Protein chains: 2
Amino acid sequence: MKRKPSTEATAAWIRLMRVQSRVLDAVEQDLKKGGFPPLAWYDALLELSRAPTGEMRPVELEKQMLIPQYSTSRLIDRLVDEGLAVRRECKMDKRGQFVEITETGRDLQKKMWGAYSAAIEKHVGSKLSDADALKLCGLLDRLGCSCGEVKAASAAKEGAPAR
Amino acid sequence: MKRKPSTEATAAWIRLMRVQSRVLDAVEQDLKKGGFPPLAWYDALLELSRAPTGEMRPVELEKQMLIPQYSTSRLIDRLVDEGLAVRRECKMDKRGQFVEITETGRDLQKKMWGAYSAAIEKHVGSKLSDADALKLCGLLDRLGCSCGEVKAASAAKEGAPAR
DNA sequence: TCAAGATTGATGCAGCTGCATTTAGTAGGC
DNA sequence: GCCTACTAAATGCAGCTGCATCAATCTTGA
């Protein structure tokens, strides 16, 4: 069971870890400089804003964002504290609730997309041709442990979820 | 300044974030199941074990691992608490110190490499041919914000640093 | 020689994560 | 109806991260 990975695989692993961390840091840093909250907030706001009614069950949000339950719970807390979302009771299921994005929340999501998209362009787009970006996608997808595909189209218009 | 990135670049960004997080999780999970400490500990032990004298200044460790100063300081605390390293005073510079890996530390590093390398093979190696792994390296390197190259050779023999 | 500035390492604080547990409500079987 | 099993969400605790700051020491230059 030992010394199995090839040097190539190991090198790919190292780069995957290093480069992701560098690029993520750079993007988060750019957002912070713009006075914006962390990326996770953006992801949540984006999901909420995409919901046809503007509201979602925490459970759904959790599935969309691929983060654990407690994490969702606390993220919602923070959004609500900042007035970016509100909790609504769920009459069909009294255990549950709905989370609805506010106008402030929608505004912030849009403003963040400006800074966020600029950061993606700066730290990814400008360093890779479209063809190479596609190649990278293809290779990365093969590593994705059967993680559902992300349609490029869905990300293109209004924002991109991370994680 | 808005809506700049191509859909290809955005898709690459999303996958970079998602896949890295999945793969890292999977590897960390495997290590945890084996009863081992987190990857960061491994990285530190590896750097220390590679030092010709078995000891390093925290500042050097910091530079090697590309983590912030306070993070190094606390990581060393934990290693020392667990008997994996010891602090030694530095006579040339009384502000500073040396950190030396213990035999226990060396043993742990070696044992961890068994589990770690198996995890790399399982989650990366087995999903990519060597040629594709190299392609992936090439593409990722272009995103690396002038981060120093990692020689494949240095990683091959005894372990691979993350981050 | 001595003050100003840089460097080394530690630490208090706040926020976030994971884990386990708790609380509350639902649903199914009998 | 009532007991059990399940699901939705919240929360207490520990550990880790980032940020700012601190104390101690070293270096430099006038």
Side-chain angles (χ1 to χ4, degrees), chain A residues 17 20-22 24-33 35-44 55-82 85-100 162-163, chain B residues 17 20-22 24-33 35-44 55-82 85-100 162-163:
Chain A
M17 296 302 116
Q20 186 271 354
S21 139
R22 298 300 197 103
L24 176 57
D25 264 25
V27 170
E28 289 262 27
Q29 217 51 40
D30 282 3
L31 281 183
K32 186 175 285 189
K33 272 178 210 150
F36 294 114
L39 259 186
W41 292 36
Y42 175 82
D43 288 348
E55 62 183 11
M56 288 175 85
R57 299 287 297 264
V59 199
E60 293 178 75
L61 194 56
E62 189 182 318
K63 278 176 204 145
Q64 288 297 321
M65 298 183 60
L66 303 169
I67 58 179
Q69 177 269 320
Y70 51 81
S71 195
T72 316
S73 176
R74 289 195 255 239
L75 181 51
I76 295 171
D77 281 350
R78 287 170 219 136
L79 297 181
V80 170
D81 282 352
E82 298 295 325
V86 289
R87 290 183 208 267
R88 301 217 175 285
E89 73 168 325
C90 173
K91 293 184 177 164
M92 303 83 99
D93 185 342
K94 281 189 183 168
R95 288 168 306 182
Q97 63 188 255
F98 281 107
V99 180
E100 186 180 1
R163 321 221 155 172
Chain B
M17 296 302 116
Q20 186 271 355
S21 137
R22 298 301 196 104
L24 176 58
D25 264 26
V27 170
E28 289 263 28
Q29 217 52 39
D30 282 5
L31 280 184
K32 187 176 282 190
K33 274 180 209 148
F36 293 114
L39 260 186
W41 291 36
Y42 176 81
D43 287 348
E55 62 184 12
M56 288 176 87
R57 299 286 297 264
V59 200
E60 293 179 75
L61 194 54
E62 191 182 317
K63 277 176 205 147
Q64 289 295 321
M65 297 182 62
L66 304 169
I67 58 179
Q69 179 269 319
Y70 50 80
S71 195
T72 317
S73 176
R74 291 196 252 241
L75 181 52
I76 294 171
D77 280 351
R78 287 169 218 136
L79 296 180
V80 170
D81 282 352
E82 298 296 324
V86 289
R87 289 184 208 267
R88 301 216 175 286
E89 74 167 323
C90 172
K91 291 182 180 166
M92 304 82 98
D93 184 341
K94 281 188 182 168
R95 288 169 306 184
Q97 61 189 254
F98 281 106
V99 180
E100 185 180 2
R163 323 223 154 171

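Keep in mind it's a predicted model, so treat the numbers as computed, not measured. In the text below, chain A, chain B and the rest are named by the order of the sequence lines, each starting its count at 1.
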Starting at [atom1] of [X], measure out to [atom2] of [Y] and round the result to the nearest 0.5 Å.
X: A:M56; Y: A:M65; atom1: CE; atom2: CE; value: 9.5 Å
X: B:K33; Y: B:L31; atom1: NZ; atom2: CG; value: 10.5 Å
X: B:Y70; Y: B:T72; atom1: OH; atom2: OG1; value: 9.5 Å

Take the protein atom [atom1] of [X] and the nucleotide atom [atom2] of [N], then report the distance between them rounded to whole Å.
X: A:L75; N: D:dA9; atom1: CG; atom2: C1'; result: 14 Å
X: B:L24; N: C:dT17; atom1: CG; atom2: P; result: 14 Å
X: A:I67; N: C:dG18; atom1: CD1; atom2: P; result: 9 Å
X: A:K32; N: C:dA14; atom1: NZ; atom2: P; result: 16 Å
X: A:E89; N: C:dG25; atom1: CD; atom2: P; result: 11 Å
X: B:D81; N: D:dG15; atom1: CG; atom2: P; result: 11 Å
X: A:M92; N: C:dT26; atom1: CE; atom2: P; result: 12 Å

Please name the residue in the list A:V99, A:L75, A:I76 that meets the side chain to side chain contact (heavy atoms under 4.5 Å, CB included) test with A:L61.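 Among A:V99, A:L75, A:I76, the one that satisfies the side chain to side chain contact (heavy atoms under 4.5 Å, CB included) with A:L61 is A:I76.
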Does NZ or CZ of A:R87 come closer than 6.0 Å to the centre of the six-membered ring of A:F98, within 45° of the ring's axis?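 Output no; distance or angle outside limits.
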Letter per nucleotide, 5' to 3', of nucleotides 2-10 of chain C [B base touched, S only sugar-phosphate touched, - untouched; heavy atoms, 4.0 Å]: -----BSBB
For A:K91 and A:W41, take the nucleotide of DNA chain C holding the closest heavy atom to each; which residue's nucleotide lies nearer the 5' end?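 Result: A:W41.
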What does A:P68 touch in the nucleic acid at a heavy-atom separation under 4.0 angstrom: a base, only the sugar-phosphate, or nothing? sugar-phosphate
Backbone of B:Q97 reached by a side-chain donor or acceptor of B:R88 within 3.5 Å: no
